[in-house]
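Step one of this worksheet: look at the structure below.
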Amino acid sequence: MPEPSPPPLRLTRSSDASGPAYLPVPYEPVWPAASDGPLEHSVRLEQIGAIVSLVREMSCGGEVVTRTVAWSAVHEGEDRATDAYEALGAHQADLLYWSVAALALGEAYVSDVVAPLIAKFIEERDAERARIAQQVEEARRKAEAKLAAETALGFWVKTKKGRYLLNLHRGGSRTQPLWSIAFDEAWERDRFWDWIGQLQDRFAEIAVEAQKVDWADLERRLLREMLVTEQQVKKQGLGSGGRRPLRFWRGDL
Amino acid sequence: MSARISMSQNSVDTGGTSPHVVIAESMGPHPAPLGLDAPLALLGGGDRLMPGGMASALGIDHVRGLRTFMAEACRSQVLAGRDWYQQPPLALLGQHGVGKGFAARWIARHAGLPLFRMPVTYDFAANQPDSDGVEMRLPAVPLIAMAASRCANPIVVVELDVDHPPEGVALEELVRMLDPRRNERWLDKAQDAIFDLGHISWIVQVHGRPQPRGGVHDPNASRGITAALPPLLADLIKDVGLILRIGPLSELEDMRRLDVAVEICASHAAADRFAIAAVHDHLLEIRRDRVDHLPCGSLVREAERALASHRAGGMG
């Protein structure tokens, strides 16, 4: 009687980088019943925390019959592992080959193959993210500028029926004025602008006030404030004299 | 872990503890020929049939669908309590050199079964009585195969001639031989005996003829033929087995070369990663034809050469 053939050897993943390990399998999986469904073979990527693995599976009716971790790599962190998972996930057609190569040639072979792919993926992904971030920033700046333009408060000059107006608008001169003051002479209007034009941080307050109080009352109050300022500037010897004493005033007292 | 490289130089099961079966029953005064009325071994059982056995072995991933077919065969045998390998009829179709023979040999080696080839052409006649009692007819190839190997369940590769496929009575005869619903009592009139061919794993192999390339156009020259099964045989295998068309897929070419490296190293008892890597590297260097695939036989020869070279280098 001839010698019996040697028992088949199992190739298992080894932590020893010096060579493949032929280790006894700790358990023998059993066949599921035929009624559980047809058998299916698959090769897929798995990520658990910082570890990305390439797994060969035989399953039946959703239950795993055999499972072989063909290759796995521990990454510096979960984010890096996710990068690797996504990078390798883009190479579905190669997973079968890599799984066999890892088992037959060693995990280092596959690690060497996939490392540049992961690096390239990260580089391209980062470049894409930077491009998108730049686009978002550009869009944000445009939106901000548009919003600012739409919400900015400012005075616009206008003449109407021989009178010289100074209108407070939000979002441009085509909008409804929030408040308006009228003068008989252009220089009067300019005199008032010499003062109010230096108080831009008060435009919002004026706009709010204009909603609450009578426009004439607000006019009187602001003109009074202007005159007080003119007197203070004159006392300091900084007035420019003439019809427009605050012509060269720049808001400082 | 269950994927594995099954390594042995001569992996045919010895049948020491295998079940046995009598496959012949004489119809006349003489015993069945070739000693076939003595029990024959049913080989390929044991761990091979388990999920971690040949169903998980490496070296065949480039043939899509074959692993699952084989796993289903193993499951079926185990669940039925049959401790030997047997698969439903399998047809492998494809151009010359895509790896049909490689796949058949892979199954045989991993199942631990002897493999025999049975060329079948238009004049196939496996069951004709002797005409005058003077000129004797040899038993059919499957009977000789079982007698030679003393194995009741060998793998028999039916090689169909794509230019002259069997038709009519010859085709019916072939179908009757392969049909698992009828072949348990296969009557051989010449041998005057009934044989049980139901344990044989049949693999029908058909390869197309490539279209001739280059040269002066000759309208009378033979044209390329796509591998196809005769309809009657195709119907049978569709009903009870599997038809696999193996194409020269460029996306699986690397996989094919790695499978060849794994299988050649394993079958030569050299399933270490350094030997496989040396063979694999050599196979990857072989030029890829944009039009035709590299014949699998050439890859196997190159792999054997590379392995020999690797061994010689290692010994030196």
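All figures in this text were calculated on a predicted structure; none of them were measured in a lab. Below, chain A is the first sequence line, B the second, and so on; all start at residue 1.
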Notebook entry, point to check: Can you tell me if CZ on A/Arg131 sees more than 12 non-hydrogen neighbours from other groups inside 6.0 Å?
Noted result: yes
Item checked: Interatomic spacing from OG in B/Ser56 to CD in A/Glu57 - rounded to 0.5 Å -> 11.5 Å
Note to self: Nearest 0.5 angstrom please: A/Leu103 CG to B/Arg273 CZ, how far?
What the structure shows: 10.0 Å
Next item on the list: Could you have a look at B/Ser76, B/Ala71, B/Ala277 and say which one has the most heavy-atom pairs with chain A under 4.5 angstrom?
Entry: B/Ala71
Next item on the list: Check B/Val262 against A/Ala104 and note the closest heavy-atom contact, atom names and distance.
Entry: CG2-CB, 3.6 Å
Margin query: Working to the nearest 0.5 angstrom, can you tell me the gap between B/Met255 CE and A/Trp98 CH2?
Written below: 13.0 Å
Check: Does a sphere of radius 6.0 Å around CD in A/Glu63 hold more than 12 heavy atoms from other residues, nucleotides or ligands, not counting ones at 6.0 Å or beyond?
Finding: no
Item checked: Salt-bridge criterion met for A/Arg56 and B/Asp61 (N-O under 4.0 Å) -> yes
Next item on the list: Give a yes or no on this: more than 12 heavy atoms of other residues, nucleotides or ligands lie within 6.0 Å of atom CD of A/Glu144.
Entry: yes
Next item on the list: Can you label the angle between the B/His280 ring and the A/Tyr109 ring as parallel, tilted or perpendicular, going by 30° and 60°?
Entry: perpendicular
Notebook entry, point to check: Are more than 12 heavy atoms from other residues, nucleotides or ligands located less than 6.0 Å from atom CD of A/Gln134?
Noted result: no
Note to self: With side chain to side chain contact (heavy atoms under 4.5 Å, CB included) as the criterion, how do B/Leu258 and A/Leu105 come out once you've worked through the C-alpha distance, each side chain's angles and the decisive distance to 0.1 Å?
What the structure shows: CA-CA 10 Å; B/Leu258 178 55; A/Leu105 306 173; 4.2 Å; yes
Margin query: Can you give me the closest heavy-atom contact between B/Gly52 and A/Pro29, atom names plus distance?
Written below: N-CG, 4.3 Å
Note to self: Looking at chain B, which one of A/Ser99, A/Ala101, A/Ala34 has the largest number of heavy-atom pairs inside 4.5 Å, strictly under?
What the structure shows: A/Ala34
Next item on the list: Write down the atom of B/Pro51, the atom of A/Thr66, and the distance for their closest heavy-atom approach.
Entry: CB-CG2, 3.5 Å
Item checked: Between CG on residue A/Leu96 and CG on residue B/Asp254, distance to nearest 0.5 Å -> 11.5 Å
Notebook entry, point to check: Under a 4.5 Å heavy-atom cut-off, does chain A meet the side chain of B/Ala275, its backbone, both or neither?
Noted result: neither
Next item on the list: Measure from the side-chain N and O atoms of B/Arg75 to the backbone N and O of A/Ala33, and report whether any donor-acceptor pair falls under 3.5 Å.
Entry: yes
Notebook entry, point to check: Is a side-chain donor or acceptor of A/Trp31 paired with a backbone partner of B/Glu72 at a separation under 3.5 angstrom?
Noted result: no
